[in-house]
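So the structure is just underneath, and the comments pick up after that.
First listed ligand is number 1; within each ligand, the first listed atom is number 1. Quick note: residue numbers are just sequence positions, from 1.
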Amino acid sequence: MSKIDYIINEIEYAVDTLVNVKLYQTTDSVNLSSDNLNSDDKLQSIKVMRVNHMGEICAQALYRGQAIVTKDSTIKEELYKMCEEEKNHLKLCSTRLKELDGRTSIFNPLWYVSSFALGMVAGLNEKKWKMGFIEETEKQVNEHLDEYINLVPKTDKRTKEILKIIKEDEKRHQKKAGELGSEELPNNMKNFMSIFSKCIKKVSSYI
Ligand SMILES: [Fe+2]
Ligand SMILES: [Fe+2]
């Protein structure tokens with residue numbers, strides 16, 4: 001593909017990710033159904049799922065951004081594979097939000113573009129750093145999930161179950177990055193990633 005083809009392909013992918021809400025099909029492995037929650041619990045679950053949905057949008061952009069600039073075909077293939085699993089998470093979060101009558105963050109296009117740029121910057125680095133970036137991202141995602149699973153109201157077992165399923169994949173992604181030869185990122189980079197994610201999570205929990 002030419003550079004222009006790559007760019008057009010990425011724009012199409014981004015629009016598809018942001019606009020076409022993918023839902024879990026009945027043939028998929030997770031059986032989802034609606035449930036009755038009181039209004040406070042429902043609102044709390046919507047907040048939690050809106051943040052997680054936004055996180056999965058960012059994951060798509062981070063992996064796509066890294067993959068587009070990565071020349072190593074093995075790493076590229078691995079990035080697209082992980083991205084496919086992240087897409088599954090996005091479908092799960094979209095489905096749960098829809099079941100709860102919640103809406104997604106209005107800033108998702110902005111988060112997508114910034115995460116894509118961040119992914120490109122990471123992807124232009126040496127292999128050990130780009131994998132280090134993935135490993136650190138997944139580590140922070142795992143910590144985030146531990147925190148957010150505890151924020152889900154006790155009555156909402158369905159949301160908890162979904163987040164636990166997602167967490168299993170994220171643990172595997174973290175391990176995979178380590179196996180592909182990652183190096184621990186410098187502390188200032190780790191802190192920047194943590195502050196950036198805290199900011200966008202705060203905003204997304206409201207709008
Ligand atoms: Fe994910
Ligand atoms: Fe992941």
Between Tyr148 and His144, what is the ring plane arrangement, given parallel below 30°, perpendicular above 60°, and tilted in between?
tilted

Discussion item. Hydrogens and angles aside, do Asn191 and Ser194 bring a side-chain donor and acceptor to less than 3.5 Å of each other?
Written reply: no

Pair His89, Glu86 - check side chain to side chain donor-acceptor pair (under 3.5 Å), show working.
CA-CA 5 Å; His89 301 169; Glu86 302 289 358; 3.1 Å; yes

Worksheet entry | Gln60 side chain reached by Cys83 side chain, heavy atoms, under 4.5 Å | yes

For the Fe ion (ligand 1) the protein N, O or S atom count under 2.8 Å stands at 5

* Asked: Side chains of Glu136 and Gln140: is there a donor and an acceptor less than 3.5 Å apart?
  -> yes

Item to complete: Classify the ring geometry between Phe192 and Phe196 as parallel (under 30°), tilted (30 to 60°) or perpendicular (over 60°).
Response: parallel

